[in-house]
Amino acid sequence: MDRLRERYSDADHTCSECGFVDTDSGWSAKTTGSSVLYRHVCPSCGAIETRTLSLKS
Ligand SMILES: [Zn+2]
């Protein structure tokens, strides 16, 4: 779980709404059965970014 979160926080810091680059905060991750839902709230504009990662191997 921590490894996945780090990978996402390293890969994507830029808000798609305002372009703010948030290098300090990471993504919160929640497992939903067969996938992981990542969520990040932009500290500049408040936009919510989400990513879904499938856990199927
Ligand atoms: Zn933003």
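Whatever order the structure lists ligands and atoms in, that order sets their numbers, starting from 1.
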**Q** Mind checking whether K30 and V36 have side chains closer than 4.5 Å, heavy atoms only?
**A**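 They are not in contact (no side-chain heavy atoms under 4.5 Å apart), so the answer is no.
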**Q** With Y38, which of T50, L53, T52 fulfils side-chain contact (heavy atoms from CB on, under 4.5 Å)?
**A**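 With Y38 as partner, T50, L53, T52 yield a single side-chain contact (heavy atoms from CB on, under 4.5 Å), made by L53.
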**Q** Around the Zn ion (ligand 1), how many protein N, O or S atoms are found at less than 2.8 Å?
**A**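 Every protein N, O or S atom under 2.8 Å from the Zn ion (ligand 1) counted, the figure is 4.
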**Q** Would you say the side chain of C15 lies within less than 4.5 Å of the side chain of S44, judging by non-hydrogen atoms?
**A**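 With C-beta onward as the side chain, the pair stays apart.
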**Q** Taking R39's backbone N and O only, do any of them form a donor-acceptor pair with S28's side chain (distance below 3.5 Å, no angle check)?
**A**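 Such a contact is found between S28 side chain and R39 backbone.
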**Q** Check for a donor-acceptor pair, side chain of E49 on one end and backbone N or O of C42 on the other, with a separation under 3.5 Å.
**A**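 No.
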**Q** Are any side-chain N or O atoms of S54 and backbone N or O atoms of K56, one a donor and one an acceptor, separated by less than 3.5 Å?
**A**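 Checked: pair present.
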